[in-house]
Amino acid sequence: MIKVNSVVKLNIPKIRKLTQAQVTALEQTAEALHTEVVQAEIMPRDTGAMQNESTFVDCSRSSDGRVTIATSTPYARRLYFHPEYNFQTYENAFAQGKWYEPWIDGVSADFCRDAYKKIYRRLAAL
């Protein structure tokens, strides 16, 4: 019978750095998605309050692996879930309901995965 001995030494500072890079990359990915949605001119806009001042990234639970893009206006939910509305397009040319759908399962579905990968590699120096 062959005996094998091994010693494993964990580089705790490096593990902490990688863990913090995960959290920071998640937060920055959410910010990048918010910027992407604004630049795509897909969110309904009249005065710009909903898109600019009332939509924000909530990073309060980012250490748990969860960030949220939230809109604090009372009418955002109604606009989002009713794509049949006739949205004005002079401020945002592609205004529509369900404005996050292209990033969930549409043509831009890989945006968050690719952005996270790029940001994480940069932060972790990989």
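- Residues L26 and Y120 are not in side-chain contact: their nearest non-hydrogen atoms beyond the backbone lie 4.5 Å or more apart.
- In this structure, CZ in R61 is found 5.0 Å from CZ in R66, a value given to the nearest 0.5 Å.
- The minimum heavy-atom distance between F87 and G97, with the atom names listed, is CE1-N, 3.1 Å.
- Hydrophobic clustering (side-chain heavy atoms under 4.5 Å, transitive across Ile, Leu, Val, Met, Phe, Trp, Tyr) keeps V57 apart from V23.
- Within the 4.5 Å cutoff, the side chain of V37 has no heavy atoms near those of the F111 side chain.
- Remark: the backbone N or O of T68 is not paired with any side-chain donor or acceptor of D58 at under 3.5 angstrom.
- Counted by atom type alone, T24 and Q28 present zero donor-acceptor pairs between their side chains at under 3.5 Å.
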Could you go through E31 and T35, starting from their C-alpha distance and side-chain angles, then the distance that decides it, and tell me whether this counts as side-chain hydrogen bond (donor to acceptor under 3.5 Å, both in side chains)? CA-CA 6 Å; E31 290 289 349; T35 301; 5.4 Å; no
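- Taken from SG in C112 to CD in E36, the straight-line distance is 9.0 Å, to the nearest 0.5 Å.
- Applying the 6.0 Å contact sphere to CZ of R122 captures more than 12 heavy atoms from other residues, nucleotides or ligands.
- Side chains of R78 and H82 form a contact here, defined as non-hydrogen atoms less than 4.5 Å apart.
- Side-chain contact between N92 and I42 is absent, with no heavy-atom pair separated by less than 4.5 Å.
- L123 and I15 are assigned to two separate hydrophobic clusters, defined by single-linkage of ILVMFWY side chains at heavy-atom distances under 4.5 Å.
- Within the 4.5 Å cutoff, the side chain of S62 has heavy atoms near those of the E27 side chain.
- In terms of heavy atoms, D46 sits closest to Q88 at OD1-NE2, 3.0 Å.
- Side-chain contact between S72 and F56 is present, with heavy atoms from C-beta onward closer than 4.5 Å.
- Summarising the geometry of A115 relative to T29, their closest heavy-atom pair is C-OG1, 4.0 Å, with the distance given to 0.1 Å.
- At a threshold of 4.5 Å between non-hydrogen side-chain atoms, the residues M43 and T71 count as touching.
- Residue I104 is not grouped with residue V38 when hydrophobic side chains (ILVMFWY) are merged at heavy-atom distances under 4.5 angstrom, including chains of intermediate members.
- By the criterion of side-chain heavy atoms lying less than 4.5 angstrom apart, applied directly or through intervening Ile, Leu, Val, Met, Phe, Trp or Tyr residues, F94 is not grouped with F81; the two fall into different hydrophobic clusters.
- Ring-plane geometry between W99 and Y80 is classed as perpendicular, the angle between the planes exceeding 60 degrees on a 0 to 90 degree scale with a lower cut at 30.
- Hydrophobic clustering of Ile, Leu, Val, Met, Phe, Trp and Tyr side chains at less than 4.5 Å, counting indirect connections, keeps V67 apart from I119.
- Listed for the T55 side chain is a donor-acceptor partner under 3.5 Å among the backbone atoms of M50.
- More than 12 heavy atoms of other shown residues, nucleotides or ligands fall within 6.0 angstrom of atom OH in Y75.
- A distance-only check finds no donor-acceptor pair linking the side chain of T89 to the backbone of A95 [under 3.5 Å].
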